[in-house]
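Inspection log for the structure reproduced underneath, given as structure tokens.
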Amino acid sequence: MAKPGYGKRSAPDQQSRTRHDFALLPTRERYVAGFVDHLPDGAAMSVKTLAKQLPLYGQQAISTSLNSLSVAGHLRRVRCPVVGAGDETRWVFRTFWSRTARDNEWWNTYLATEQATQTAAPTPEASAPDTAPPPPWVPVEEPPLEPGPERPGPEQPPEPTAVPQQRTPDRAADAKPAPPAPATVPATPHTVEASPAYLALAGLGRDDHRLTLSADDCATLEPQAAQWLARGVSVDYLTHALTAGLPAKVDSPLGLLRRRLTDKIPPRLPTAGSPSPATPAPARRLLMECTDCGRPGPPQALPDGLCRPCRTAHSGAAEDSPRPADIADVKARMTNLRDLLKPV
């Protein structure tokens, strides 16, 4: 799709394509409409792109033709907000096209539906297959040949004669026995890395001797401390909650910490990426824009797809344009004057 955007989107419930489509339109508009109708969905429909592909008319003529097609009810231009990474909102531009002419009420109703919003939304790119085709310089592996009937091949050289294994001479009687191999040092067992909850409990005794715990005590309280960390609190928060307001004498650090881990457990905090279930996701809505100048606005404020200044200019240009009968009269009069000026 070209950079200016305005990718084509087909409206639903269109009539089948016939030879008499756009027969009521002028010649230029009928030519542009026939070209746009055969474009696939997603094709660029900006004025510059269409002018490059239609050599008979320039950008000004294409722009005027699109305005006329919008007034005739064949197209509407919209923009749709898309939320990207980091809550960054960008706008994508689309052009809804209908081979069947529609009135303003039909367009306003359709653009307000969820179907139009989903159609205008950018489609995710298809993921590449797991196995990509090999580059052209990699030779293609040939399939293995099926085993055929055995053919007599050339005579093979005889295999070399195996050398018999030689017997080692007996060890002398006075030979000293080999020294015994040194005893192997037992391998150090692999220690499992301690969890943050275990380290936090083990460090309590260093901060306050009243909360000194043994290794078994730390292993016993580790699941409860891990529940605290799983609810989104930090190790500093856990340490402060367990050490704040201690009595002057602690007889059982294990019992005291078990009671505090149970009674003071914090609520489960939602993660930053997960939205709250009570807060609905913002609904995407389409914003129509003027076909001529691109001014955005709701569909009700842009009848025929044009804003008020552009609609006034378009209607004035249509009234000032000469009628076909007047053009034929002018051509006939000019032909008559040329015949009169010819030498006899």
Side-chain angles (χ1 to χ4, degrees), residues 1-17 21-22 25-85 88-102 106-107 110-111 113-128 284-299 302 304-307 310-311 313-314:
M1 190 180 299
K3 291 182 180 180
Y6 297 108
K8 177 185 175 183
R9 292 292 187 271
S10 298
D13 303 333
Q14 300 186 41
Q15 297 179 359
S16 57
R17 186 178 288 113
D21 294 333
F22 319 112
L25 297 176
T27 304
R28 183 180 61 189
E29 282 72 15
R30 185 166 62 250
Y31 177 77
V32 176
F35 177 80
V36 172
D37 187 51
H38 286 78
L39 289 177
D41 280 3
M45 286 186 58
S46 62
V47 174
K48 291 184 179 181
T49 304
L50 293 179
K52 291 179 181 179
Q53 299 177 358
L54 299 176
L56 296 182
Y57 303 104
Q59 296 184 19
Q60 186 64 33
I62 295 296
S63 178
T64 305
S65 300
L66 293 179
N67 295 340
S68 301
L69 293 176
S70 179
V71 174
H74 292 285
L75 68 88
R76 289 291 187 274
R77 281 185 169 172
V78 300
R79 59 177 65 178
C80 177
V82 177
V83 179
E88 180 183 358
T89 303
R90 60 186 181 92
W91 293 88
V92 292
F93 303 88
R94 299 288 182 258
T95 299
F96 281 95
W97 172 260
S98 174
R99 186 184 311 111
T100 305
R102 309 289 189 178
W106 187 92
W107 279 113
Y110 171 68
L111 294 179
T113 59
E114 185 67 20
Q115 179 184 2
T117 305
Q118 295 178 357
T119 306
T123 56
E125 298 180 358
S127 58
R284 294 181 301 179
R285 61 184 182 89
L286 296 179
L287 193 62
M288 186 185 294
E289 64 177 26
C290 178
T291 307
D292 191 5
C293 66
R295 178 179 300 176
L302 299 174
D304 298 335
L306 299 175
C307 61
C310 296
R311 188 168 61 256
H314 180 79

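Hydrogens, waters and symmetry mates play no part in the numbers below; they use all other heavy atoms, side chains included. We number each residue from 1, following the sequence as shown.
- At least one donor-acceptor pair closer than 3.5 Å links the side chain of K8 to the backbone N or O of L39.
- Here the straight-line distance linking atom CZ of R99 with atom OG of S10 works out to 8.0 Å at 0.5 Å rounding.
- Between the side chains of N67 and T291, no donor-acceptor pair of N or O atoms lies under 3.5 Å.
- Remark: I62 CD1 to M45 CE distance equals 10.5 Å, nearest 0.5 Å.
- Counting heavy atoms from C-beta on, the side chains of R76 and Y110 never come closer than 4.5 Å.
- In this structure, D37 pairs ionically with R17, as a charged nitrogen and a carboxylate oxygen lie closer than 4.0 Å.
- With values rounded to the nearest 0.5 angstrom, E29 atom CD is found 12.0 Å from F22 atom CZ.
- Applying the side-chain contact (heavy atoms from CB on, under 4.5 Å) test to S98 and every residue at least two apart in sequence or in another chain returns A11, Q14, T100, R102, W107.
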Do E289 and R77 pass the salt bridge (charged side-chain N to carboxylate O under 4.0 Å, His left out) test, and can you show the C-alpha distance, the side-chain angles, and the key distance before you say yes or no? CA-CA 6 Å; E289 64 177 26; R77 281 185 169 172; 5.6 Å; no
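- Side-chain contact between D41 and W97 is absent, with no heavy-atom pair separated by less than 4.5 Å.
- Side-chain atoms of S65 and S68 include no donor-acceptor pair closer than 3.5 Å.
- In terms of heavy atoms, C307 sits closest to C290 at N-SG, 3.4 Å.
- Annotation: side chain of V78 is in contact with side chain of L111 (closest heavy-atom distance under 4.5 Å).
- Annotation: side chain of Q59 is in contact with side chain of K48 (closest heavy-atom distance under 4.5 Å).
- Within the model, atoms OG1 of T95 and NE2 of H74 stand 15.0 Å from one another, a figure rounded to the nearest 0.5 Å.
- The shortest side-chain heavy-atom distance between L50 and F35 falls under the 4.5 Å cut-off.
- You'll find the side chain of T27 reaches within 4.5 Å of the side chain of R30, heavy atoms only.
- Side-chain contact between R28 and T64 is present, with at least one heavy-atom pair separated by less than 4.5 Å.
- To the nearest 0.5 Å, atom CG of residue D304 and atom OG of residue S70 are 6.5 Å apart.
- Judged by distance alone, with hydrogens and angles left aside, the side-chain atoms of R79 form no donor-acceptor pair with the main-chain N or O of F93 at under 3.5 Å.
- Side-chain atoms of F96 and L75, non-hydrogen and from C-beta on, never get closer than 4.5 Å to each other.
- When all heavy atoms of A44 and T49 are compared, the closest pair comes out as CB-CG2, 3.9 Å.
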